[in-house]
Every structure is written in C-alpha cells, then in structure tokens.
Amino acid sequence: MEYHFKEIEQKWQARWAKDKTFRAENNSAKPKYYVLDMFPYPSGAGLHVGHPLGYIASDIMARYKRHKGFNVLHPMGYDSFGLPAEQYAIQTGQHPAVTTEQNIKRYREQLDKIGFSFDWDREVRTSDPKYYKWTQWIFIQLFNSWYNPRNNKAEPISTLIAVFETEGFKGSDHNILTGDIEKDLVPFTATDWKSFDAKKRSDILMHFRLAYLGEAYVNWCPALGTVLANDEVKDGVSERGGHPVERKLMKQWSMRITTYAQRLLDGLDDIDWTDSLKEAQRNWIGRSEGASLEFGLIPGPSPKEKGVDKPRWQTADPAIYDILKKYARENRRPQTEAEDLVWQQVRNNKLGFKFRRQHAVGTYIADFICLEKGLIVEIDGEIHELTKERDENRTAVLEQLGFKVIRFTNAEVKQNINDVIARIREVCNSTPSQMERGQGGEAKITVFTTRPDTVFGVSFVTLAPEHELVDVITTAEQKQAVNDYVTKAKNRSERERQADVNTISGVFTGAFVEHPFTGKPVPVWIGDYVLAGYGTGAVMAVPAHDERDYKFAKHFNLPLPQVIEPTSAEHDFAKDAWGEKEGKLINSDFLNGLDVKAAIKKAIAEIEARGLGKGKVNYRLRDAVFGRQRYWGEPIPVYYKDGIPQVLADHELPLVLPEVDKFLPTEDGEPPLARAKDWKYKGQYDYEWTTMPGWAGSSWYFLRYMDAQNENAFADKKLADYWQNVDLYIGGSEHATGHLLYVRFWTKALKDLGFIGVDEPAKKLINQGMIQGTSEKVFMVTGSKSQIAIEYFRNKVLFTHQGLYHKSVRNIFISSEIVLSEKLEDGGEFVNVPIEFVNNNIVDIEQFKLRLVQNGLFENSIIVTKQGYFYNGEYLFLDGNTELLFRSRSEVEKMSKSKWNVQTPDEICEKFGADTLRLYEMFLGPLEQSKPWNTNGITGVAGFLKKLWRLFYAGGEFNVNDAEPTKSELKTLHKTIKKITDDIERFSFNTSVSNFMICVNELMEQKCNKRVILEQLLVLVSPYAPHIAEELWEKLGHKESISTAAFPVFNEAYLVEDSFSYPVSFNGKVRFNIDLATTLSPQEVEKLVLEAEQTQKYLEGKAPKKVIVVPKRIVNVVV
RNA sequence: GCUCUGGUGGUGGAAUUGGUAGACACGCAGGACUUAAAAUCCUGUGACCUUAACAGUCGUGCGGGUUCAAGUCCCGCCCGGAGUACCA
C-alpha cells in the first residue's frame, strides 16, 4: 500500500477534533506544561508559510511534553480587534465584525490543515464581549489602583486616599521623573484634602491611578485619525500604513507603565528570553543614572521689556482672582497695628525694593510681598498661634509657587520694629532678584544630567522649544526670533525633525541663569536637539564633553571650556568633544584631580548637600497612551458625570461596542463612538468615546486560556495558580517593545493586586526567525524616461521596427540581463511580478501581458529582450530567434501580498501534505534564524516520509514482525532516541529531522521491520509528523491515539562499543585511523599507536616528544 | 553612532564541553530499471595538485594570539541582517 498523505491527514484531523484528543485537563495529577504562540491578528491575507514556523515548533513541544507525561495547555485564539479591519470597513462599509469573522474562518481552515494539537475548546477572541468584559474589568482595577513607591507595588487607590486623609500630600510620593503630569501637583494637607470637592479630588487622584486621564504629548496620526503609542511609531511614521505622525498635546487615557520601569528592568534577569529581546527592552526602558540640578534665573529686564503680556503683579489664581481681590480690598483698611507699623517702613520703596500689601498669590492673600525678590512677609496675629498647621501649609504652597516666606508675630513687630525691618532688609539683599514667575511655575530651570562631574564645563543651558519657561524668560529683543523658532519647530512633523538631525538650529532667549557653583551668568538657548519628552526638557550644555552640545556651541560660536583631561588617549578639542567617561578633572574647583567616576559621585554629593538638586534615575520609557480615536476596539468602561470620569460597576460589564452609522469621526472631529445613537450611561451621561488600543486584549490573554469560559472571573484563582504562567512562548521579535512589555506590566500589576500568583507572563521565550519571500522583479521605464530609452535603443541598433518610435510608448520593460550589461539601473525601477508567472527567472510573457491588460498598462508598452521585442501583442524577433527570454531578477524581501511573493501553507499541504510541510519548515534551519523561503529541499523531506512508510510495508502488504531486534538495530534506535531528546530539549528542531533521516536510512539498510524498533521510532517521529505516526501506530494494532504514548527511554547500554577507530594525528594533522579496544588504558593506547606500522612513516625517524590520548576521541603525537 | 545577531562547499545547513570540518538534504554528474517520462534505486561530488592507484597541499570573512589540538577560546579589523537613535 502506498503512502496517501491526503486521506491519512484528513482522517486524523477529523478524529482528533471528534475525540478532543488535545484537551487540557484542569484537574490532573500530571505536572503542567503551558506552550503558547503569540496571539495572531487575523488579517485578510491569511497565513503565509512564515506564520506556521513558530506554531509547528510549539506544536512539536506540546506533543513531546504529552509523550513525556505532562498535562499540556496549548491553546490558540485571535487578537481580533484592530486597525486593518476598520480601515477596510471605512473603505467598503462592511462591518469590521463581519470581515473579522471571515478572516478568522480562513485562518482556522488553514491552521486545521497543518494538524496542530490545539485545545480549541479554549479559543478566545478579543472582540468577543465575553472576553472584553474582562479586559474592561482589568482596566477598572488599574483605574482603581496606584503605585505605592514605599511598598514598591500597586495598591488599591483607597490606601492612597487614606494617606491623603491623614497626612495630605507633601510632594514626595512620586520620586520618578517621568510622565510630566506629576510636575504640577501642588502639595496639600489632610485638612485641605477634606475640604476639596469631588472634582478636585478626582483630578488629584488622576495623577496617581495606573489607568488615568491625563494631558501629554502624544503621537497623533492625522491619516489614521488616532493617537499611537510610541512602539506603534517607527521612523516618525505609523507602523501600520506608514502615515506621518506629529506631536500633539492631548487629553488621553494612559497607562502609568513608567511606575514599573525598574521592575520591568530587573525582571529581565530572571527570565529565559533571548538576549537580543531583553536588550531591546532594556534600551526601550532606557534607564540612566545622573542628577537633577537647578539653575536659578538671573534678574532680567522688567516685564514690559520682556514683552510678557501679563502684568507681573498678577500672581493670583485666575479662577478666584475676583473674589480674592475683593477680600484684599476689604482687608486693606482694617489693618492690625503691627501690620501698619511694618507697612509704614516698607512702603514707597523705602528699603530700595517695591513692596505691596494684601496681595493675592495663588489662592491666598499675602500680607506683604516684594515681587522682585520673590519675598512674602507674613505677620501672624494671636489667632494664628492656634492654626499653626494651616500656616505651615500656607508657607509650603507659597514656596511651591517659588516664593520665600518669612513670618513675624504681632508681638515681635510691636516690641522691636527695627529688628524686624533689618531682617527684611537683610533677606531682600541676600536674595537674588528673581524673574517673573508664571502661574505655578518656578524661577529655576531644572536640568537632568548623567555627567554632573562636568558641571564646571557648562557654557550654556538649552531648553526644548516646548519648554514651559520659554515664554516666561525670553527678553523683548529676542521675542520675535524665539517665537519664530518655536513655531517652526512645533509645526515640523516627527519625521522631518528626525530626518534633519544634522542641521543645527536654535535661538538665544536673551535670559541668563546663575551657575549653581560659580554664580557666573550662563546664557539660556532654545534648541530642538533637546527633546521635551525626556528628562526635564532642559540640558546643561557642556560642549567640550558632549558631542551634541559641541556641535551646537561651534555653530553658534559659544565657548568650550574643558574640564576633563583625557588620560587614555590624545584628544584634539578643536575637532570634537571628549565624551568618554574617562580622564582627570581640571578647572573644576573641588573636583580637580579626581577621575570621572569619583567626580560624578562627589558632584552628586555636593549638589545634594547644597540643596541644588538630587541624584536621580531617569527612564526613557513613557507612559503608554491607551485611548484610540477609533471604532474597532474595546470601549473604555467610563462615563462622565459633571465632568468627572466614573468607571462602571462590575455588574454593568461588559460595556458593549455600540453600532454606528459610519466608522468615521463626527463632523466635530469626535471619535466614531460619538455617532452611536442614545448611547449614554443611564440615558444621561456620556460614555468615553475612545476605545482601547490593540495591545489591551493581548496583555492578559495568556490568563484567559487557563479558564476561557469563566463568566465570573477572568480566570478562577485556583486555575491561575495551577497553570501559573507560560513555560514556552514562541513568536516574532517585532513585539519586543510593544506587546511583550505591556503584558509584563499587566502581569505585575495583577500580581500586586493579588489576582494571580506570578510576576512574569512567560518563563522562556523564543523568537522564531522571519521567513522572507523571494520576489521576482522586472525592470520598468515609464513616462518621459521611456522616450529617452527608445532613443538609447535606437542608437544601439536594437530597434529595427519603425513602429517602436511611436511617441505614445508609455512603459518599457527590459529584460534584466540587458539592464545589467548596459547599466541602465538609474533610468527606471525594478517592479514586482507575481512569482507564479516566473520560472527560473524567465517571465511568462503571455501571463504578464494579461496582468498589464488588467491594470490598464498594456497599451503602448514594449518588452525588450535580447532576442527581440514584444510590442502591442506582437512578437518581433531579432537574428532568427523564435523565443523571447524575458528575464526577471530575484530578490529576497518581506513576504507580502503587495509584493506578489506570498507562498501559502495550503499549497504545500495540497502538494506534499501537512507532515511534509511541518518537517520541511523545521528542516530549513535553526528556528531563530531568518531565512528566505524556497522549496528546493522539500523533495528530500517528502522522500523521507515515503521511506518511513516503506519500513512497514513489503510488497504492498503491511509487514512488521515481532522478532528480537539485532544489536545494530537497537544501536540505531537508541542513538536516535538520545539525539532527538537532546534536540527537542534545546529547541534544535532542524537537526532532529536530519537525525530521523539517518535513522530511517540505517534501518532501511538493515532491512529492519521489527515491531519493537518501529513502534518506538513512531513515538519519536510523532511530534514532528503526527498524521503518519498515528496511522502506522493504528496499523500496529493500537486502539488509543499515539499522542500520549510514553516517549522512548534512552539506554546507554546499546551504544557501548567494543572498539573505537582512533584518528591518529601528528602535530595536529590526522594521518590514519586505528581500531583499538575501548577497554584499553591511555597508556596502552599510546603504546599500540607508537607500535603501529604507519606511525614510523610520520615520525620520520624522530622520537615523539609527547603523545596525547583522549579516550574514545583522538590520539595526537607531537614530533 | 550604539546594541544585538550572523559570516562554514554550487545551495539550505551540521559539528552540543576545544578533539577526524562539511553530517543530513537539495543541486549537479554518471549508472540501473523503463519504449519514454515520472517515481525508485546505486555511485560520485570542498578546492588545488597529481595519479594507474596511493599519497600530498590548502581550506570555516580577514590579520594576529593561546593550545599537543581552534569553525569553537582571546585581541584587532572587514562585511551582512535586525533593533534603536540628537535620550543629555
């Protein structure tokens, strides 16, 4: 009987489905093993041969572990929300749910043909309300949580509220310099907290929630009409579709992943993922250690001169200014005696500085204020003794706004007015005058630096164009220049900015800051080489020791003070900067003579000691934007009541995606969900209109597979504890900084909140390499260039046919060997041709013509080949040729529909069978390696399966006997058991296939048809080629599926040899082999080798200096 | 630029701890079977030199080094692929 793969494969696929052979047990005495493939997005293009590569590897692992006695969880499902289906919906009007359903069906058919051992009862789809109910539920948990930096974990928001109620907020609960949002949060007391209204409380809590609504610069993609997360933007354009992206300040739902930056980094050390992937995550998180350092502004011109529109005295909170003003007027008349005493001494510039009284600052009214010096003087009456705490808070708030506050009691003033005035005068004189402070702003520029050691080499400070102080500090003369520059910088797309990194641009603000150590004035510049989103958006420029600062300084002719003398190399500071962390400090006061490392430590210590800043860790990682202005995603379970976002209660979930008339934004630019009719919470409150991003559903799906049908929890705690996390995760490396970071983040948060017991989603992760396509390309000349090409060919005397000179010739296609020999590459471009039109680089002209006709390109095109032309359907031959060889050029590139180079697994299954496909994809090479697809070797693999089949058959009859196997048969088998086991354990699937071939070749030679041998061989093969294994297993008389048959156990005894053929080398060169008993001692081996006949020839009469004997390996004679 | 990763016959690749480089497969060449083709089977196949045969020389991107012994370890370079990029 012949090997008919088609019948066999259909039969077993049906049988497995019917018997639920691969169902994972939730209650099992067996140890668990969880193998997972990365969640596929069911695209309209279906699977190509690259997709199953990882699925086959994971399936082999799953089947192998079942043989090894594990309870295996090996599920599959679909990440079925996403942009492509929605884009398609916009174009065609088809509901994305419909196209998604079709695509999933197609995927499933393709997957089924390959014979995977998935437990389909656990299938999940992110777009299913039963699934996204729990995505929404998790969102709510994150909304109701904050990251407690003291305990280093996420906690319910209630623990934060408890802190606010007892301690208030002192500004120290967020020690991480990220997210930008925390900056504005003003400290408050417990009393304040209790007095805040619901809106204010909600606003404050928003600064802490793990899922929060906040304002931040986001990647706005106008073409897609939505914002994108950082990992969805590549080279300044959207990853999907390649549309331009710009920076935009928007209110967005975000995830506070930055709070987990350190844990995400540390966790990498404990998981077995590929180095390159861990490295990518480390880079993305981008931890750098350094210090923050404050540069105080030096007094500048008056507000008018500075061109500040708002008068300097307008320091009050605008929201309550009118009320405060009224109070201030009223307070001004009935002054206390003490206040009046002071006022008489300070009014009318008596101290040399202008003082105002009863002046509104923020939400308070200050008794006396000197704006120039940023000084507030408060006179406390007796009643204030009782409210000391409130005064302290008041001081804290005023200081937060950048003021210095000094207090005197009524008694002090009355008893010794002169001392009080002297004190005020002293403080005024010792306080440098400060610039106008913006609302809530500071009179200091804070920079982040990793090189505090170079602080004495600062020659200027540079701000990002978006920096909040830009408007405030710019002088009148520079106003115009700065405005122009900032406007230009803001309107540039990210792509333009990135493409333009070598052009140096910037502008001087006219302002100066004071060097924190030397007190010297340092000019403040604006430059777009400083990024608003990193650090503080401001840098201290040390041009001698930083390349970017160097270029900037050179361009604008700024000084380059050197503070490090390199000791390891000669360096020419006239040419470029010395950026290495190496050398001795010079010109640096207390740092002189130290080496860089010591200087960094010392500088940080000094900065902290003088209160100028702090040692700080900075992360490049940004919070993840979570809202998308799109339709096809999970609705965010939030509604707005009186402007306050509220989350839904558990029993109100899922919030089902509503129907809309169009999948486009509204006329007002609101997201598509705003179109939904009567879609309001309790009929009156608007729901959130943005939806969740693609990575929401995939950030926890591995948990859902543990308990896919549960309606009461995302997964039962008991089951989550049993399955824990993924033992082997296989997928592409393209998810390194997206999905794989987010899923780690959610896992950690869910663990902190006590819902699961593990801290990482996957213990081991393998990246399968990409399978590239081989494209076929032909050379095309179009438009005006084609006339030039015609001239060219006429001069070359290639064209003999008059008609070819026709002016209306549009497209010329030129056979690639002509292009190469005539060096025509610059005159046109290579365009893709469907690979099925091409055979051995020869393009089928008739099929190519049909394609041209379809695309309306056929008329007036010419195909030029060495043998003649094809013009408007006619073949014109040169020199008696009868055939045109229109040659294409092959090129390896990404496999994609648009490049006409897609190979589907279905075609291979049809032609060779699923088992051959599985073996061949593994045989191609190491799993991790990328490789172009070709079917060159597939006949070898198909031949192997036929040979395997023939071992069981003789003369068309099934023929297996029960005789005792020979020693050599057992040796072949056990050698193979050892190799295959080792191979699987180290994920070397390609060598397994080779080893199967060797095994079958040997058994063929031995004419082995012994049941004992073949039966075990089948189990070995079964993970790789399950259909043929099941069929032959059944033929051997088994009633049960092979899938749980015990994996053969290797027995060393069968491999023991009596003798070994020692390669004998002389000075490392192998000369001959000699058979010696394995029982011999090294000394005996040495003796026998030296006595051997051939040895004399290579000794050339000399005595051996040394003989090395490695038992059962090699003998080396040194002459 | 930085980080990761790779470089072995005509091709895909093997060599797991330093121990016979090129397993296995494709391709190619020759042969058997066949009217023929397909399928199948057998033989050969790194390069060079040489031969009747043996034997010999070179050989894992390049240049050094360590070692009795290096594709494998160390140092310095070259080239390809991927990721990332004014990240202070």
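Labels below follow one simple rule: chain letters A, B, ... track the order of the sequence lines, proteins then strands, and each chain is numbered from 1.
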Value in whole Å for how far the [atom2] atom of [N] lies from [atom1] of [X]:
| X | N | atom1 | atom2 | result |
| --- | --- | --- | --- | --- |
| A:Lys911 | B:A39 | NZ | P | 12 Å |
| A:Lys946 | B:A39 | NZ | C1' | 7 Å |
| A:Asn1001 | B:U40 | CG | P | 13 Å |
| A:Phe1060 | B:G19 | CZ | P | 13 Å |
| A:Arg1113 | B:A15 | CZ | P | 14 Å |
| A:Lys894 | B:G81 | NZ | P | 17 Å |
| A:Arg548 | B:A85 | CZ | P | 14 Å |
| A:Trp284 | B:C87 | CH2 | P | 15 Å |

[N]: pairing nucleotide in any strand, Watson-Crick or G-U under 3.5 angstrom:
| N | result |
| --- | --- |
| B:U50 | none |
| B:G6 | B:C79 |
| B:C87 | none |
| B:U16 | none |
| B:U43 | B:A29 |
| B:A21 | none |

Separation between the [atom1] atoms of [N] and [M], rounded to whole Å:
| N | M | atom1 | answer |
| --- | --- | --- | --- |
| B:A32 | B:A38 | C1' | 16 Å |
| B:G22 | B:G9 | C1' | 7 Å |
| B:G12 | B:C87 | P | 38 Å |
| B:C86 | B:C2 | C1' | 13 Å |
| B:U40 | B:G46 | C1' | 29 Å |
| B:U72 | B:A37 | P | 48 Å |
| B:A25 | B:C41 | P | 11 Å |
| B:A47 | B:A23 | P | 13 Å |

### Task
Classify the side chain of A:Asn1116 versus the base of B:C68 as yes if they form a donor-acceptor pair under 3.5 Å and no if they do not.
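Under the 3.5 Å cut-off, the side chain and the base do form a donor-acceptor pair.
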### Query
Does A:Lys1112 make a cation-pi contact with A:Phe1060, if we ask for NZ or CZ under 6.0 Å from the ring centre and within 45° of the axis?
no
### Query
Checking salt bridge (Lys or Arg N to Asp or Glu O under 4.0 Å) for the pair A:Arg282/A:Asp269: CA distance, chi angles, key distance, verdict?
CA-CA 11 Å; A:Arg282 284 194 189 105; A:Asp269 296 335; 3.3 Å; yes
### Task
Kindly label the base of B:G9 as syn or anti, based on whether its glycosidic torsion lies within 90° of 0.
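Syn for B:G9; the angle stays within 90° of 0.
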### Message
Looking at A:Glu547, I want to see if its CD is surrounded by more than 12 non-hydrogen atoms of other residues, nucleotides or ligands under 6.0 Å.
### Response
no
### Task
Give a yes or no on whether A:Lys764 atom NZ has more than 12 heavy-atom contacts from other residues, nucleotides or ligands under 6.0 Å away.
yes
### Query
Is A:Asn995 near enough to B:C24 that one of its side-chain N or O atoms lies under 4.0 angstrom from OP1 or OP2?
no
### Aromatic ring pairing A:Phe944/A:Phe996, orientation class (parallel under 30°, perpendicular over 60°, tilted between)
parallel
### Task
Compare every heavy atom of A:Phe448 with every heavy atom of A:Lys616, then report the nearest pair and how far apart it is.
O-CE1, 3.7 Å
### Query
Of A:Thr503 and A:Pro932, whose nearest nucleotide on RNA chain B comes first from the 5' end?
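Its nearest nucleotide being more 5', the pick is A:Pro932.
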